[in-house]
Amino acid sequence: FISFLLAGECPPPPRTEFADIAAETYPLETKLRYVCDDGYRRKSGQNSGIRCRNISGVASWAYQEFECIDDNFFLSPASKAVSNFTQEPARNTQNPATLKQENLSGFCGTPKTIPHASLKVDKNYTVGQVLHFKCKTGYDKRPPTSGTRTCKNVSGKIIWTPLDMRCTNDS
């Protein structure tokens, strides 16, 4: 069983110059973690990890409470007193159509967003993961422009499909 799990892990995706990576779906058991943006920190005692689980036959993210708080809040005199600090609630970016698709595919959709935080992959991706590449600000996508890579098992070797995209700033 352990060798099967290890066989399903993908190598780190190849670096792509001038592009950012995002994923729209994640296979069951994928672990992600929230990382607070610069200038913010995790609220004490909260866990940043989430996992794509099979919950009652549905691929769903298992969340714990997580919040990023402005560093300035900790430095201000008001933080010593009882605070009336409120923060925008987390938004669930999944729609019903996505949830229905997850039932059939065994993949979780895009995790909910947390204000002032970004998501990081805890470990390597697993076979079946599709990554979407987007050119960084100031760079344009040039043909061919599919912009995806998929982790596949090809004759027992786990590989990422080639990226059919190029980012350039024409200089």
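Leu119 approaches Pro111 most closely through the heavy-atom pair CD1-CG, 3.5 Å. The two residues Arg149 and Thr161 come nearest to each other via the heavy atoms NE-O, 2.9 Å. Scanning all heavy atoms of the two residues, the minimum distance from Cys36 to Arg42 falls at SG-N, 3.4 Å. Looking at every heavy atom in both residues, Ala23 comes nearest to Thr110 through O-OG1, 4.4 Å. Here the closest heavy-atom approach between residue Pro115 and residue Cys68 is recorded as O-CB, 3.9 Å. Here the closest heavy-atom approach between residue Arg53 and residue Cys108 is recorded as N-SG, 4.2 Å.
Atom CG in Asp37 sits 11.0 Å away from atom CG in Asp70 (nearest 0.5 Å). With values rounded to the nearest 0.5 angstrom, Thr150 atom OG1 is found 8.0 Å from His132 atom NE2. In this structure, SG on Cys52 lies 8.5 Å from CD1 on Ile55, to the nearest 0.5 angstrom. With rounding to the nearest 0.5 Å, the separation of CD1 in Ile50 from NZ in Lys31 is 12.5 Å. For the atom pair Arg51 CZ and Leu32 CG, the distance stands at 11.0 Å (nearest 0.5 Å). Here the NE2-CZ distance, from His116 to Arg41, works out to 14.5 Å after rounding to the nearest 0.5 Å.
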Exercise for the section: Would you please test Phe66 and Asn47 for side-chain contact (heavy atoms from CB on, under 4.5 Å) and show each step? Expected result: CA-CA 6 Å; Phe66 183 76; Asn47 187 327; over 6 Å; no
Exercise for the section: Mind running side-chain contact (heavy atoms from CB on, under 4.5 Å) on Tyr40 and Asp71 for me, showing each step along the way? Expected result: CA-CA 5 Å; Tyr40 294 85; Asp71 279 340; 5.6 Å; no
Handout entry: Full working for side-chain contact (heavy atoms from CB on, under 4.5 Å) between Ile158 and Val127
Key = CA-CA 7 Å; Ile158 299 175; Val127 170; 3.9 Å; yes
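Tyr63 places a side-chain N or O within 3.5 Å of a backbone atom of Lys112 that can act as its donor or acceptor partner. A distance-only check finds a donor-acceptor pair linking the side chain of Trp160 to the backbone of Pro11 [under 3.5 Å]. In terms of modelled atom types and a separation under 3.5 Å, the side chain of Trp61 and the main chain of Gly109 share a donor-acceptor contact.
Considering only heavy atoms from C-beta on, Gln129 comes within 4.5 Å of Pro27 through its side chain.
Partner of Phe107 under the side chain to side chain contact (heavy atoms under 4.5 Å, CB included) criterion, chosen from Thr25, Thr30, Leu28: Thr25.
Transitive grouping of hydrophobic side chains (ILVMFWY, heavy atoms separated by less than 4.5 Å) keeps Val130 and Tyr26 in distinct clusters.
Both tests do not hold together for Lys120 against Tyr34: distance to the six-membered ring centre under 6.0 Å, angle to the ring axis within 45°.
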